[in-house]
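The structure under discussion appears below in the form of structure tokens.
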Amino acid sequence: MTQHPPLPDAWTLTASAFNWTPEVIRAERSAPDIAVGIVADDVAPVIEVELGQLWRSFPTPTDEEADEFASALVTAGGAVSIVGVSLDDWATPTRRRDDDERLAFLLPQLRTSHRIGAAGVRLPIGQAGRPLLERLRPHLHELDLTLYEEIQGQQTPQNPVTAAAIESLAAIDDPRVRLLVDVSMLMPALPDSYLDALATGGVSSDLLARLRTAWLESDTMDAVVGMLRSGGVPRRVQTMYMNLLVRFGRSRAEDLRGVVPLTGAFHLKFWDLDDTADRVSQPLRDLGALLASTGFRGTLTSEWGGHEWLDDEDASDITRRHLSLARAALADGAAAST
């Protein structure tokens, strides 16, 4: 068996309860029981959870619900790293909520996150906006929480819209407001399991051939957009097809160097574990080298996105295997940078 160096002490490897979404949907166990089971079954001692998945009482879970979950998690020997929270921007289909209403919607979620012992909460980048972030700051300090704004897929630091949002976050200059980077940005090739699902759904074989062999070439994205605009994407896979434009990135780890000082967490997004040509492990090795060279401290969370088309996989098994692969790749990358 190959021996790998240990992870740096300042890095915490965790697992996201999002990986168990198909089981949550089946509802054979409650969502809180599933989340506690991640720890009790020795998949990972630290977990990330989605508040909207845990309780139907979202966005205002009761103290009793939160305390029961927190107690069960502590009994199992676990802890919560980050909680995915949400902002509902629309009061009605025609009226947007103002910032007073948005703050009122979010504050109960922050209090529940604190109550279950979380270290932070997470929103998509730019959704809150700077005025609301400024109003949230005293609450974050009071509740001992860090708010992470997440970038993923094609929301690279080089994207002008994303860059402006990152600049706004940096200008706040508060360690309680930080970035979370999803490594879906770092995809040297697309997963064959995803492309097979598109093929089954009737996507053009010519486009699929280009996606399999030339994902990183600039004109491939032109072909993706062109197919969408032409109406040639079969209706049954239209939602899945949009991953090509939003959730799948084409960057390198080095493209993240400038934002690492603002970043306190990473999602180690994976779709399947087919590591042909190191398509899963090499981006993590490169990331490990970057983070070791920049003094990163924070969490790195296994997050499985492939259950959209691989919902018959066992979440515990695939997460365990991914954590093992990720630990080895990150540690090898970190060791190589020293």
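Both Val121 and Leu136 sit in one connected hydrophobic cluster of ILVMFWY residues. Membership requires side-chain heavy atoms under 4.5 Å apart, directly or through other members.
Trp11 does not carry Arg297 over the face of its six-membered ring by the limits of under 6.0 Å from the centre and within 45° of the normal.
Leu291 and Leu300 get closest at one heavy-atom pair: CD1-CD2, 3.8 Å.
Listed for the Ser184 side chain is a donor-acceptor partner under 3.5 Å among the backbone atoms of Gly153. Looking only at distances, no side-chain donor or acceptor of Arg111 sits under 3.5 Å from a matching main-chain atom of Leu143.
A salt bridge is defined here as a Lys NZ or Arg NE, NH1 or NH2 lying under 4.0 Å from an Asp or Glu carboxylate O, and Arg247 with Glu308 meets this definition. Ionic pairing of Arg115 and Asp67 is present here: one or more N-O contacts between side-chain nitrogen and carboxylate oxygen are shorter than 4.0 angstrom. Here Lys269 pairs with Asp182 in a salt bridge; the nearest charged N to carboxylate O distance falls below 4.0 Å. Ion pairing of Arg320 with Asp42 is absent here, as no side-chain N (NZ or NE/NH1/NH2) approaches a carboxylate O to less than 4.0 Å. A salt bridge links Arg95 to Glu101: one of the charged nitrogens lies within less than 4.0 Å of a carboxylate oxygen. Salt bridge annotation for Glu48-Arg122: present, with a cationic side-chain nitrogen under 4.0 angstrom from a carboxylate oxygen.
Using the six-membered ring where Trp is involved, Phe270 and Trp304 have ring planes that are parallel, under 30° apart on the 30 and 60° scheme. Using bins of under 30°, 30° to 60° and over 60° for the plane-to-plane angle, the ring pair Trp309/Trp271 lands in the parallel bin.
More than 12 heavy atoms of other residues, nucleotides or ligands shown are found within 6.0 angstrom of CZ on Arg96. When the shell of 6.0 Å around CG of Asp100 is examined, it contains more than 12 heavy atoms from other residues, nucleotides or ligands.
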Identify all side-chain donor-acceptor contacts of residues 205-212 below 3.5 Å with residues at least two apart in sequence or on another chain.
from, atom 1, to, atom 2, distance (Å)
Arg210, NH1, Asp219, O, 3.4
Arg212, NH1, Asp192, OD1, 3.2
Arg212, NH2, Asp196, OD1, 2.9

Donor-acceptor contacts, no H, no angles, side chain residues 102-110, under 3.5 Å, sequence neighbours left out:
from, atom 1, to, atom 2, distance (Å)
Arg102, NE, Asp89, OD1, 2.9
Arg102, NH1, Asp99, OD1, 2.8
Arg102, NH1, Ala128, O, 3.0
Arg102, NH2, Asp89, OD1, 3.2
Arg102, NH2, Gln127, O, 2.5
Gln109, OE1, Ser86, N, 2.9
Gln109, NE2, Ser86, O, 2.9
Gln109, NE2, Phe105, O, 3.1

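Listed by chain and number, the residues in a ring pair (Phe, Tyr, Trp, His ring centres under 6.0 Å) with Tyr148 amount to none (sequence neighbours excluded).
Side chains of Arg130 and Ser168 form a contact here, defined as non-hydrogen atoms less than 4.5 Å apart.
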